[in-house]
Amino acid sequence: MTDELAADAARPVPPSHRPRRAVLLSLFAGFAVFAYVLDQLTKLWVTSSMVEGERIPVLPPLLHWYFIRNSGAAFSIGENVTWVFSIIMAAVAIAILFQVRRLGSAWWSLALGLLLGGALGNLTDRLFREPSFGMGHVVDFIQLPNFAIFNIADSAVVSAVAIICILTIRGIALDGTRLGNAPQEKPAHD
């Protein structure tokens, strides 16, 4: 019985059960655009309505808007190598676009869309904000207690990574097939 279950789990889902490719690409593009536009609009709002260093209580003590510019990565790591983050984000965006052709799952469309939107949101800051092209500082403004200050792009990336981890643990491949435990060969006895 367990061999049958393992064989069923390893068998790909028939194409008729998979969402159509156009729907998956629309989901991917929609979530990427949503994450990117929301990120850029909130950063525009922060930079036009707050002064750098200003802190506004939203749901004290849990949530504050706290406007900072971050030259590094999470927790301000790597502040002196900002250009490296620009290259990494550009490479991530390109890698995602190459993987999109393999999409076969709505959940993977969601995850890769959020990941692309978040990466492009922070890459836009790196490319076009002060102090210079490729070394711009990212606008961060969401502050939770005892945690890094972040933005919508960061939230999209973290959400995408969480979804990807869950999909991987559940054995759902990028193309929508469910990966199971392949039957192991028994060792030959001498």
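If you chain together hydrophobic residues whose side chains sit under 4.5 Å apart, Leu44 and Leu38 never meet in one group. Connection of Val157 to Leu127 is established within a shared hydrophobic cluster, with ILVMFWY side chains joined at heavy-atom distances below 4.5 Å, either directly or through further cluster members. The hydrophobic clustering, which links ILVMFWY residues whose side-chain heavy atoms are closer than 4.5 Å, places Met89 and Phe128 together. Both Leu110 and Val100 belong to a common hydrophobic cluster when Ile, Leu, Val, Met, Phe, Trp and Tyr are linked at side-chain heavy-atom distances under 4.5 angstrom.
Taking the side chain as every heavy atom from C-beta outward, Gln40 and Ile152 never approach each other to under 4.5 Å. Using a 4.5 Å heavy-atom cutoff, the side chains of Glu130 and Arg69 are not in contact. The shortest distance between side-chain heavy atoms of Val58 and His64 does not fall below 4.5 Å. Within the 4.5 Å cutoff, the side chain of Ile149 has no heavy atoms near those of the Asn70 side chain. Between His137 and Pro131, the closest side-chain pair of non-hydrogen atoms falls below 4.5 Å. For the pair Ile142 and Leu63, the minimum side-chain heavy-atom distance is below 4.5 Å. Residues Leu112 and Leu174 have side chains in contact (heavy-atom distance under 4.5 Å, counting atoms from C-beta outward).
Note that the CD1 atom of Ile163 and the CZ atom of Phe31 stand 8.0 Å from one another [nearest 0.5 Å]. The OG atom of Ser105 lies 9.0 Å from the CG atom of Asp175; values are rounded to the nearest 0.5 Å. A distance of 8.5 Å separates OH in Tyr36 from CG in Leu123, rounded to the nearest 0.5 Å. Distance check: Ser109 OG to Leu25 CG gives 7.0 Å after rounding to the nearest 0.5 Å. With rounding to the nearest 0.5 Å, the separation of OG1 in Thr168 from CH2 in Trp108 is 4.5 Å. In this structure, the separation between CZ on Phe141 and CD1 on Ile68 is 11.5 Å, given to the nearest 0.5 Å.
Looking only at atom types and distance, the side chain of Asn122 has a donor-acceptor partner in the side chain of Asn151 under 3.5 Å away.
Taking a cutoff of 4.0 Å between a charged side-chain nitrogen and a carboxylate oxygen, Asp125 and Lys43 qualify as a salt bridge.
Here the side chain of Arg126 pairs no donor or acceptor atom with the backbone of Ile87 at under 3.5 angstrom. Counting only distance, with no hydrogens or angles, the side chain of Glu52 and the backbone of Phe67 share no donor-acceptor pair below 3.5 Å. Using modelled atom types, one side-chain atom of Ser26 and one backbone atom of Ala22 make a donor-acceptor pair closer than 3.5 Å. Counting only distance, with no hydrogens or angles, the side chain of Arg21 and the backbone of Arg101 share a donor-acceptor pair below 3.5 Å.
Crowding of Trp65 atom CH2: a count of heavy atoms from other residues, nucleotides or ligands under 6.0 Å exceeding 12.
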